[in-house]
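A short write-up of the structure that comes next.
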Amino acid sequence: MRVAVDIDRCCGSGQCALTVPEVFDQSQETGLVILLDAEPPAGLRPDLEYAADRCPSQALTLLD
Amino acid sequence: MTAETVHTELPPLPTTRPNPFDPPADYARLREEAPISRHVWPNGVEAWLVTRHADVRALLSDTRLSVNRFASPPPSLSLGRGSGVMLPKSLIGMDPPEHTPRRQLYVRELTVRKILRLKPRIEAIVDSLVDDVARHDPPVDLVETFCQPIPSLVICELLGVPVEDRADFQKHTQVILGVGSDAGRVQEATLALMDFMRELVEYRRREPGDDILSRLATAEVDGGPLSVEELVGHGMLLLIAGHETTANMIALSVITLLSHPPALAALRADPAGTAARAVEELLRYHAVIQFGLVRKATADIPIGDVMIRAGDWVVCSLASANRDGRACPHADQLDIHRPPARQVSFGHGVHQCAGQNLARVEVQVALTRLFARFPNLRPAVPFDSLPFRTDAWVYGLRELPVTW
């Protein structure tokens, strides 16, 4: 599956990095999201759906 | 029947809790019958009250709702214990685009990773306060001896308050949070802290340390440094935003776990494996910002069956959203084993609490260390006599006398 992040929407809450650290990190310069893996394994889908839902500014999108 | 014009009076904001652990019962009815409806606040201001989880999330993300409230009095609790001092404008009163680069200055200091690096210091602070409690003969008021000093000392670390100044810093913050403080003393303490913050900011501009205030003091936004007054505002915000909220969340969590023995037993049996999830559920169960988040509409917003007009005040009830059965099954039950559920105690949208990761770790460490040290911790007074902060902006306990 594929994941995309919208850096303009990101407000640096870090909730994605907190919940799925294998896929998301935070920049130490801006606090904004860093996508570590744009094609994470399908097994992470439930965690990623949770992270996308939890994001306070809807900056995460799951594709296929 | 007189010849008077019939007024349709707006209902007052529901504020009466059925018990200390549940929000006002009216919220459940409103979620069903009138999820977004007009109410009048204790200070006479009218506002839309938003009660459903999905609507609260949608509106807190809506760019047509502004946090800028300097123009006219917002809906508020009439006899609040405010400082009466006009704090310099800070992050929570700014909208994008002004808000955006300034928020980044905060969130980069409060990332998940940075907080984890701070965790050993938080543990040391909590352990020394647990020792303080243990040195007394019971009963001890946990609020004053444990819950309030934790965030205060952690903020001192974060802001780079020199060790020799921390006693004074604590003294002022105790007055600001104190139960017995009158408005005059609170104002004095607030002004003293602002003066202190001003000196600290100026000192850090000359001699930056490894702390948030130093980095804010030497940062550039829109091509230039932040003014001293804005830095004082940021320093005060970091102090105030993370202090009363965290202290009360710790106190509420302690009494809630003491009142739910199976949950407490699970936490004691496996603190490392249970603490994070337990605290997340406690955050859902208790929204300490008990009367919701206030916004002002800058454009018309059609939502559900209503039309919010430009200029209307809108209050999003975090407590009601957290108990909405549409977002979380059996939402009125405390269940620390439930699959991760949605909660909005830290808000939603671009203003979501910048310190939330710090708050989570503080509460997790406070609870695990306290309950590990005192296996027989219990209230020293009957539950019904505990003074819950039913009228305050931030819910919690004024005192929590305990014995062990």
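Reckoned from all heavy atoms, side chains included, excluding hydrogens, waters and symmetry mates. In this text, all values refer to a predicted model and were calculated from it rather than measured experimentally. Throughout, a chain's letter reflects where its sequence line sits, starting with A, and its residues are numbered from 1.
Scanning both residues, A/Ser57 and B/Val350, for their nearest heavy atoms gives CB-CG1, 4.4 Å. Residue B/Gln352 comes nearest to A/Ser13 through the heavy atom pair OE1-CB, 3.4 Å, listed as atom of the first residue, atom of the second, then distance. A pairwise comparison of heavy atoms in A/Cys11 and B/Gly349 identifies SG-O, 4.0 Å as the closest pair. Between A/Pro56 and B/Ser61, the shortest heavy-atom distance links the atoms O-OG, 3.8 Å.
Looking at B/Ala341, only its backbone comes within 4.5 Å of chain A, counting heavy atoms on both sides. Neither the backbone nor the side chain of A/Cys10 comes within contact range of chain B; no heavy atoms are under 4.5 Å apart.
Counting only heavy atoms from C-beta outward, the side chains of B/Asn357 and A/Gln15 approach each other to under 4.5 Å.
Within a 6.0 Å sphere centred on CG of A/Leu18, heavy atoms belonging to other residues, nucleotides or ligands number more than 12.
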N/O donor to acceptor pairs below 3.5 angstrom from side-chain atoms of residues 270-279 of chain B, sequence neighbours left out:
| from | atom 1 | to | atom 2 | distance (Å) |
| --- | --- | --- | --- | --- |
| B/Asp270 | OD1 | B/Gly273 | N | 3.0 |
| B/Thr274 | OG1 | B/Asp270 | O | 2.6 |

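Between chain A and the options B/Cys353, B/Pro340, B/Gly347, heavy-atom pairs under 4.5 Å are most frequent for B/Pro340. Top candidate by heavy-atom pairs under 4.5 Å with chain A, chosen from B/Glu109, B/Lys114, B/Gln104, B/His351, is B/Gln104.
Contacts with chain B (heavy atom to heavy atom, under 4.5 Å) involve these residues of residues 19-36 of chain A, listed by number: A/Asp25, A/Gln26, A/Ser27, A/Gln28, A/Glu29, A/Thr30, A/Gly31, A/Leu32.
Counting only distance, with no hydrogens or angles, the side chain of A/Arg54 and the backbone of B/Arg342 share no donor-acceptor pair below 3.5 Å.
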